[in-house]
Structures are given as structure tokens and as C-alpha cells.
Amino acid sequence: AQSVTQLDSQVPVFEEAPVELRCNYSSSVSVYLFWYVQYPNQGLQLLLKYLSGSTLVKGINGFEAEFNKSQTSFHLRKPSVHISDTAEYFCAVSPNTNAGKSTFGDGTTLTVKP
Amino acid sequence: DAMVIQNPRYQVTQFGKPVTLSCSQTLNHNVMYWYQQKSSQAPKLLFHYYDKDFNNEADTPDNFQSRRPNTSFCFLDIRSPGLGDAAMYLCATSMYSGVNNEQFFGPGTRLTVL
């Protein structure tokens, strides 16, 4: 079984400021890690994923995340946010065996202010 | 473009009146999922199909059923909707080939129960 904790439910930030959205996970097996973004009244869209290899993963829209196995974290970062980044962000984990069964965190609402 | 399509985008039904939500995909993915998402919450997995194999989550109410007549289509049937079933319903797909890769989400169907 696995679980995901997104440490901040809401993150307000000013435009062009850096942002970090925090995600910790626990699992009894090796996992793959994902960040998704959800805009109002839309489905989820993949931002980036970690399956293996380099622990620093770059995604779309200038986002990146770093997998830290010792701290069981997968924090999402962006050096300079835009108003259009205002959305809900979900961290998710999937076991690396057997199909299906991603576990999502409760989400972080990122609000970018002008 | 390959995609996940959900119809309708908005569905209104009456308390106790059966309703069916549909999902289709052009990605030829072997796994299809149905999630329920209530306001400001994470998506909650209801069930998923791995090819024709149906996998129900333990806490999914019996009121919710699903059908996958072929690779491309998957349906969510709510036999007797209650007020508590009002939510966004998200369909997603993924291609499992020994690796749990990312899920591709449709835009969702927002269900209102009167």
C-alpha cells in the first residue's frame, strides 16, 4: 500500500516569484511518481513523471521536480510563476508492479497574484 | 489527436433516476479508470479495467457499475443516484506494459443530482 501527503493545501504567491509545492510519500514497494495539474472544470494533465534515472525531472510549463529517495519526497518547483499557473496540483504515486492503482494526494491550490 | 473523450460534459439527473456516463479513447490503451472527484478533493478511484478484467475498489458503493464493451469505450452506470453522488467523474487511460506509466484524463463529466 502507498500514501501521498501534500504538505500545503494552499500556496499563494506573487507573479514571477519562485514556488515549491511539497509532496511526501510512503510505500512498501518501489514506486513511480507523477505531478498533475488541473484547471477549473477540466481533467488532470501530466506535468512530469519520475520512473527511473536522473532524480531531477523537467516537465512542461517550466516545472521541475526532484526525487529524494531518502526523504521519500518529490517536491515540485518553478523558478518564476505566471498568472496562468493558477490551478490545482496533484502528486501521485503508482507501484512499479501490477497495472493501475495510482494514489493521489489531496492537492495543492496554487494561486498566483499579480 | 489521440485523446480521451467524455460525454456528456454536464449531466443533470433526478434523485434515484439511473444515469450512464460514457468515455471513449483513441489511444488504444489497455487500462481504463473511473474516478469520482468532489469539490476541492483528490480524485477517488472507483474501479478500473485492465483489458477485460474488472477491478473494483473495496469502498466503491454497489450503486456504481461499469462496462467496457471493447478497448475504446467504457461506461459508468449509477443505478440510483443520491444527492451525495453529485461530483465530477473523470475517466482516464494508461498503457500498462510492465510499467505503470502516466494516466491520460478526459475533461470530466459534472453530474448534478436534483
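Chain naming here is simple, since letters A, B, ... match the order of the sequence lines and numbering starts at 1 in each.
Cluster annotation: Y89(A) is connected to V11(A) through the hydrophobic network of ILVMFWY side chains, with a link wherever side-chain heavy atoms come within less than 4.5 Å. Put simply, V37(A) and V81(A) are part of the same group of oily side chains (I, L, V, M, F, W, Y) that touch within less than 4.5 Å, one to the next. Hydrophobic clustering (ILVMFWY, side-chain heavy atoms < 4.5 Å, transitive): F104(B) and W35(A) are in distinct clusters. V31(B) and L44(A) end up in the same hydrophobic cluster when Ile, Leu, Val, Met, Phe, Trp and Tyr side chains are linked at under 4.5 Å. Linking ILVMFWY side-chain heavy atoms closer than 4.5 Å, directly or via other members, places Y35(B) and Y96(B) in a single hydrophobic cluster.
Listed options T103(A), L46(A), N41(A), V31(A) were ranked by heavy-atom pairs under 4.5 angstrom with chain B; first place goes to N41(A).
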Residues Q37(B), F90(A); criterion side chain to side chain contact (heavy atoms under 4.5 Å, CB included); working and verdict: CA-CA 12 Å; Q37(B) 186 180 28; F90(A) 291 97; 3.5 Å; yes
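Of the two parts of Y39(A), neither the backbone nor the side chain holds a non-hydrogen atom closer than 4.5 Å to a non-hydrogen atom of chain B. With a 4.5 angstrom heavy-atom cutoff, Q38(A) touches chain B only via side-chain atoms.
Applying the ring-ring contact (aromatic ring centres under 6.0 Å, His included) test to pairs two or more places apart or on separate chains, those with a residue in residues 51-80 of chain B are F47(B)-F54(B), Y49(B)-F54(B).
Here the side chain of Y36(A) pairs a donor or acceptor atom with the backbone of Q103(B) at under 3.5 angstrom.
Taking a 6.0 Å sphere around CG of D59(B), one finds it holds more than 12 heavy atoms contributed by other residues, nucleotides or ligands.
If you take CZ on R9(B) and CD on Q42(A), they are separated by 7.5 Å, rounding to the nearest 0.5 Å. Atom CD of E102(B) and atom CG of L47(A) lie 11.5 Å apart (nearest 0.5 Å).
Remark: C91(B) engages C23(B) in a disulfide (SG to SG under 2.5 Å) (not counting sequence neighbours).
Interface residues of residues 105-114 of chain A toward chain B, defined by a heavy-atom distance below 4.5 Å and sorted by number: G105(A), D106(A). Of residues 107-114 of chain B, those residues lying under 4.5 Å from chain A by any heavy-atom pair are P107(B), R110(B).
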